[in-house]
Amino acid sequence: MSKDEALDIAADKDLDLFCIAPQAKPPVCKILNFSKYKFEKKKAERENKSKNSRPNLDKEIKITPFTGQHDIETKTNQAKALLEKGWKLKLTVLLKGRMVDKVDVADAALQKMIDILKDYGTVEKAPTKEGKNYFCYMSPIKKKK
């Protein structure tokens, strides 16, 4: 169809001629209400943005080897809620001063948290030490529907 014919049809229907693929041979055009098209496109972008508002980032829960029992319970309750929402967790034990050499103490503290959270998530990677941090990653358990 020629450009003039398409413009005449669009004018008869009080619509716009919109070129979708101008690089194509022949160019692809559509007769539509352009303002409605723009509105629908913006609406779809907003919906996609809200769905992707949570990128694939991890949440981090930090403790020290000397963190009290009640504080560990509070942190694990927060971790349970995050795992149930589908977040991945990074469980970190901060080592201070001379404690950097005592990996066994950090491992015991981290293992205590892992044992509490084993019903809500699985350890992705074995605990590792990097600088003053001893950490592991946990991902939520997939629920059967």
Side-chain angles (χ1 to χ4, degrees), residues 1-97 99-100 103 106-145:
M1 178 182 294
S2 72
K3 179 181 172 184
D4 293 330
E5 289 176 41
L7 283 170
D8 289 338
I9 293 171
D12 290 342
K13 296 181 178 182
D14 288 332
L15 296 173
D16 304 309
L17 182 67
F18 180 66
C19 196
I20 295 174
Q23 289 80 18
K25 298 285 181 190
V28 178
C29 296
K30 207 174 197 182
I31 296 174
L32 49 81
N33 185 347
F34 187 68
S35 60
K36 184 177 180 182
Y37 171 77
K38 278 179 31 178
F39 173 76
E40 294 293 332
K41 193 171 182 181
K42 271 189 177 179
K43 186 177 175 184
E45 285 176 7
R46 276 195 310 266
E47 286 178 12
N48 287 338
K49 186 178 179 184
S50 68
K51 288 178 184 174
N52 295 333
S53 65
R54 186 183 72 160
N56 290 337
L57 294 178
D58 302 333
K59 291 284 189 176
E60 186 172 14
I61 306 278
K62 294 182 181 181
I63 61 168
T64 65
F66 304 111
T67 302
Q69 182 61 34
H70 183 266
D71 293 335
I72 287 178
E73 288 173 11
T74 303
K75 298 272 186 176
T76 52
N77 288 338
Q78 291 172 348
K80 287 175 189 177
L82 290 170
L83 286 169
E84 286 174 348
K85 288 181 184 175
W87 287 89
K88 287 186 179 181
L89 290 182
K90 180 179 180 183
L91 302 176
T92 305
V93 178
L94 298 172
L95 301 170
K96 299 175 184 175
M99 292 302 296
V100 174
V103 178
D107 187 47
L110 190 61
Q111 205 58 46
K112 190 186 302 183
M113 291 219 18
I114 291 172
D115 289 341
I116 295 171
L117 296 172
K118 68 183 174 203
D119 295 335
Y120 299 92
T122 57
V123 176
E124 282 184 359
K125 200 168 132 184
T128 13
K129 183 176 182 283
E130 201 172 280
K132 293 182 175 186
N133 296 328
Y134 188 72
F135 62 91
C136 73
Y137 289 95
M138 282 191 99
S139 59
I141 295 175
K142 303 286 185 209
K143 293 179 183 170
K144 295 179 183 176
K145 292 181 180 179

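Given the structure is predicted, the values throughout are model-derived calculations rather than measurements.
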Would you compute the distance between atom [atom1] of [X] and atom [atom2] of [Y] and round it to the nearest 0.5 angstrom?
X    : Y    : atom1 : atom2 : answer
K43  : N48  : NZ    : CG    : 12.5 Å
K118 : I141 : NZ    : CD1   : 11.0 Å
T74  : I63  : OG1   : CD1   : 12.0 Å
D115 : T76  : CG    : OG1   : 11.5 Å
L91  : Y137 : CG    : OH    : 10.5 Å

Considering only heavy atoms from C-beta outward, does the side chain of [X] approach that of [Y] to under 4.5 Å?
X   : Y   : result
K42 : K38 : no
I61 : T92 : no
N77 : K80 : yes
L89 : L83 : yes

* To do: For atom NZ of K112, decide whether the heavy atoms of other residues, nucleotides or ligands shown that lie under 6.0 angstrom number more than 12.
  => no
Ignoring hydrogens and angles, write down the donor-acceptor pairs under 3.5 Å from the side chains of residues 5-30, residues two or more places apart or on other chains.
unit_1, atom_1, unit_2, atom_2, d
E5, OE2, S2, OG, 3.4
D16, OD2, F34, N, 3.0

* Taking all non-hydrogen atoms of both residues, which atom of C136 and which atom of P127 are closest, and how far apart? -> CB-CA, 3.8 Å
* Asked: Shortest non-hydrogen contact from L95 to A106?
  -> CD2-CB, 3.5 Å
* Determine which pairs satisfy salt bridge (Lys or Arg N to Asp or Glu O under 4.0 Å) with at least one residue from residues 122-133, sequence neighbours left out, and list them in order. =>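 Pairs touching residues 122-133 that pass the test: K88-E124.
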* To do: Go through the steps to decide whether F135 and V93 satisfy the test side-chain contact (heavy atoms from CB on, under 4.5 Å), and finish with yes or no.
  => CA-CA 6 Å; F135 62 91; V93 178; over 6 Å; no
